[in-house]
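This one's a predicted model, so the numbers in the text were calculated from it and none came from an experiment.
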Amino acid sequence: MSSATDTTKRFSQGPNADGFYGDFGGRFVAETLMPLILELEEAWEWSRTDEAFRRELEGYQRDYIGRATPLYYAERLTEHLGGAKIYFKREDLNHTGAHKINNCIGQILLARKMGKKRIIAETGAGMHGVATATVAARFGMECVIYMGATDIERQQPNVFRMKLLGAEVIPVESGTGTLKDAMNEALRDWVTNVDSTFYLIGTVAGPHPYPAMVRDFQSVIGRETREQMLEKEGRLPDTLMACIGGGSNAMGLFHPMLDDESVHMIGVEAAGHGIETGEHAASLNGGEPGVLHGNRTFLLQSVDGQITDAHSVSAGLDYPGIGPEHAWLHTQKRVEYVSITDSEAIEAFKLCCELEGIIPALESAHSLAHLRKIAPDLPSDHLIVLNMSGRGDKDMASVANWLEQHGDTDKLPNTTVEAAEPGRIDDMQPPHDVAKKTGETE
Amino acid sequence: MATRITRRLEALKAEDRAALVTFTMAGDPNYQASLDTLKGLPGAGADIIELGMPFTDPMADGPSIQKAALRALKGQHTQQKTLEMVREFRREDQDTPIVLMGYYNPIYRYGVERFLKDASEAGIDGLIVVDLPPEHDGELCLPAARAGIDFIRLATPTTDDKRLPRVLENTSGFIYYVSVAGVTGAAAPTPESVERSITRIRAHTELPIAVGFGIRSAEQAASIGRFADAVVVGSALISCIEHADSVDAGTRAVHALVRELSEGVRHARKATA
């Protein structure tokens, strides 16, 4: 089914002219949006080869975002796990605290080039919303962020940040009030305001050219990693790891090394309560091909083609789809895709705080959890790079809720918290359904 | 071979009046009520019936139709049941064209060839699939044509003269002009601006042109029916179901509004001639 030819760019050459990676991708959008999508594709193609655009982008990457981000040797975690040598690519040290801004700065420069004055975006955990609000402020553009009502509740600090940055945050009540519903609503806004508005999609999904364009803007992660590793170790890494919701931080890390056959790549999906429970966000490991939000990819869906809800403790992974290029790399078996449960992610989150003095985003904690599983069995000269896609400051309330739910209360800030009674853990509800203030008990 | 859609539109053209096209959601608020509503539509004055296939994520629809889809899905409605509903309708009505309207994923998951076979056997005449632009004609549009089912494309205010030929290329039955850039249920534009757009599209095609989005009253239907070949009303009918005190009252309210709209369409060209 793949149309990839056997050249030196076997895995990195996609998409084709219609926006397909094998069977995945495409431009499945309403007619109203088609002319704009084609116009955007033109602008993106131009940006890929224009020297002045590249220089401008690199200037902002350096002076505004703070790139290059370090490739950090995680010495104590390496010792603790007693196997592979572990590096973190520190995307958490970017301005706004995650990889998201790499893409936002690129797209807003394109938006400006296209003469757009109004920026809209969807956000799940809020990191993309914050990054979008940030660049919109920087370039003096009107900014509207769609965010699921459930996510607004569990990511209050980010909502406040977006508002401080001058964005209007619109709560989305439809569906389950999470990332997919925010994306539906952003698409509805776009259809309605098609002339004035640029839709700044936050991940490697959506209609072509978004998956390829976002990948291009995120690929700075992998290009830097490649150079930094050659400098530090004199060779390429053996394994790359990244968490996957839509998959933009993973695509950014993987893409520049896809054709380096010796580099093994692992994408880590969110298994929520466990794939067998049906309450998860693992589109590749627990979904089927389908068409949503402008592209064909693996989706969580019923046998009748209705999209089902994703579940994850991490709002940033709580999406029932995945970027189409990941879907293709999965069917080509170029990248290994695994999944990690909420509780495994929380354990890894705590470990990283304690051993490395780095509070990781809950999203990144998913890849840390898989790292814990594989690193001990690998030799000490095996070089692993884990993409520390974001910092965990935004997740304090989610983690505190989770710990409280599980009777793990010794570190919680309020001493009135009591340990949960035995037996309560089993009938626990997902944390976002019981989003309570830390320090309260039932 | 002329399809039911073409025959109906040609007959109405001979009568010098626009067709009234109604949109309701299959399975809303439940299977039986939705079927009862459907069966009464031709008698109330609907000339062509659009039946929505519910989808969880209707990206181009406003709140009314979103909620209708969710009501249907809450009642365990499926693609199978939509086809069954049309089979039941066809036992009593062999003439009124039925067009299914929705999003691609439920059809894709059902299996395109299997869906077209079952839809054709059920007596479905046309398909409108919002998220399949002409760039993806190979997915469903061309297979539908081979199965004898019209694939009706949407043209919008953003579809310029450069793009119109592409949009029209494999369209059959009629072309559906979405009169506003926006979601269903949005405010209507002025009839004058719509008429200008219709004139522009007519320069490119012989196909009948239906106009929809934002038409809620008999007056609006009449003003559009003056120059369009068909007038589509959807969200206003869905609202009747949403706001009814009982399931039966919802069905009666839909039929009552369709009768009014039908009067509007029938008198459009006479009143202003």
Side-chain angles (χ1 to χ4, degrees), chain A residues 17-20 23 25-39 41 172-176 180-181 183-197 206-208 287-297 299-309 320-321, chain B residues 53-63 66-67 69-70 72-73 76-82 102-111 115 129-136 138-140 153-160 162-164 166-167 176-178 180-184 186-187 213:
Chain A
D18 295 321
F20 277 102
D23 268 356
R27 288 180 281 226
F28 296 88
V29 296
E31 177 57 31
T32 312
L33 295 178
M34 266 318 289
L36 191 66
I37 297 258
L38 296 172
E39 190 192 334
E41 187 184 346
V172 177
E173 306 279 352
S174 62
T176 43
K180 97 173 159 87
D181 309 297
M183 202 153 177
N184 288 335
E185 216 51 43
L187 282 163
R188 288 177 190 126
D189 179 313
W190 201 23
V191 164
T192 309
N193 301 291
V194 70
D195 287 332
S196 65
T197 297
H208 180 65
E288 296 284 341
V291 174
L292 178 70
H293 293 154
N295 63 121
R296 174 156 45 223
T297 186
L299 300 172
L300 304 183
Q301 56 177 319
S302 72
V303 289
D304 204 44
Q306 304 298 337
I307 308 306
T308 53
D309 296 331
Chain B
M53 299 176 281
F55 182 48
T56 40
D57 294 79
M59 285 118 43
D61 283 302
Q66 288 174 42
K67 281 188 264 178
L70 292 179
L73 293 171
Q76 310 300 317
H77 195 81
T78 61
Q79 289 286 91
Q80 291 276 12
K81 287 183 187 171
T82 300
Y103 295 80
Y104 185 36
N105 197 52
I107 295 173
Y108 179 74
R109 195 75 210 279
Y110 193 102
F115 178 80
V129 182
V130 178
D131 50 354
L132 279 178
E135 279 72 8
H136 291 302
E139 298 273 343
L140 181 64
R153 184 107 48 209
L154 307 176
T156 73
T158 62
T159 315
D160 57 18
K162 194 174 117 217
R163 189 165 165 80
L164 256 175
R166 184 94 202 252
V167 168
Y176 183 160
Y177 180 65
V178 172
V180 283
V183 295
T184 51
F213 277 44

Report summary line: Ranking B:Leu154, B:Val180, B:Thr78 by heavy-atom pairs under 4.5 Å to chain A gives rank one to B:Thr78
Query raised in the report: With a 4.5 angstrom heavy-atom cut-off, which part of A:Ser174 approaches chain B: side chain, backbone, both or neither?
Result: side chain
**Report entry** Proximal component of B:Tyr108, with respect to chain A [non-hydrogen, under 4.5 Å]
**Finding:** side chain
Report task. List the atom of B:Val183, the atom of A:Val191, and the distance in Å for their closest heavy-atom pair. Result -> N-CG1, 4.3 Å
Requested in this report: Just give me the residue among A:Glu185, A:His293, A:Arg296 that pairs up with chain B most often, heavy atom to heavy atom, under 4.5 Å.
Outcome: A:Arg296
Query raised in the report: Which pair of non-hydrogen atoms, one from B:Gly182 and one from A:Thr192, has the smallest distance, and what is that distance?
Result: CA-OG1, 3.6 Å
Query raised in the report: Quick one: are A:Arg188 and B:Gln66 in side-chain contact, heavy atoms under 4.5 Å?
Result: yes
Query raised in the report: Are the side chains of B:Val129 and A:Phe28 in touch, meaning some heavy atoms are under 4.5 Å apart?
Result: no
**Report entry** Engaged part of B:Val130 at the chain A interface, taking heavy atoms whose separation is under 4.5 Å
**Finding:** both
Report task. Please state whether the side chain, the backbone, both or neither of A:Leu299 comes within less than 4.5 Å of a heavy atom of chain B. Result -> side chain
Report task. Would you mind checking which part of A:Pro207 comes under 4.5 Å of any heavy atom in chain B, side chain (CB onward), backbone (N, CA, C, O), both or neither? Result -> neither
Report task. Take A:His208 and B:Glu135 through the side-chain contact (heavy atoms from CB on, under 4.5 Å) test and state the conclusion after the steps. Result -> CA-CA 12 Å; A:His208 180 65; B:Glu135 279 72 8; over 6 Å; no
Requested in this report: Using a cut-off of under 4.5 Å on heavy-atom pairs, state which of B:Thr156, B:Asn105, B:Leu73 scores highest against chain A.
Outcome: B:Asn105
Query raised in the report: Can you name the nearest heavy-atom pair linking B:Pro106 to A:Gln306, along with the distance?
Result: CG-NE2, 4.1 Å
**Report entry** Which of B:Ala186, B:Ala181, B:Gly62, B:Pro157 touches chain A most, by non-hydrogen pairs under 4.5 Å
**Finding:** B:Ala181
**Report entry** Any donor-acceptor pair under 3.5 Å from B:Arg109 side chain to A:Ser302 backbone
**Finding:** yes
Report task. Without swapping roles, check the side chain of B:Thr56 against the backbone of A:Ile307 for a donor-acceptor pair under 3.5 Å. Result -> yes
**Report entry** Leading residue by heavy atom contact count with chain A [cutoff under 4.5 Å; candidates B:Lys162, B:Lys67, B:Glu139, B:Arg153]
**Finding:** B:Glu139
Report task. Go through the atoms of A:Gln301 and report whether side chain, backbone, both or neither lie under 4.5 Å from a heavy atom of chain B. Result -> both
Query raised in the report: Do B:Thr158 and A:Leu36 have side-chain heavy atoms sitting under 4.5 Å apart?
Result: no
Requested in this report: Looking only at non-hydrogen atoms, find the nearest pair between B:Asp131 and A:Val291 and report the distance.
Outcome: OD2-CG1, 4.3 Å
Query raised in the report: Highest number of heavy-atom pairs under 4.5 Å with chain A: which of B:Arg163, B:His136, B:Gln79?
Result: B:His136
Requested in this report: Heavy-atom distances under 4.5 Å only: say whether B:Asp160 touches chain A with side chain, backbone, both or neither.
Outcome: neither
Query raised in the report: Looking only at heavy atoms, which two atoms of B:Val167 and A:Glu31 are closest? And how far apart?
Result: CG2-OE2, 3.4 Å
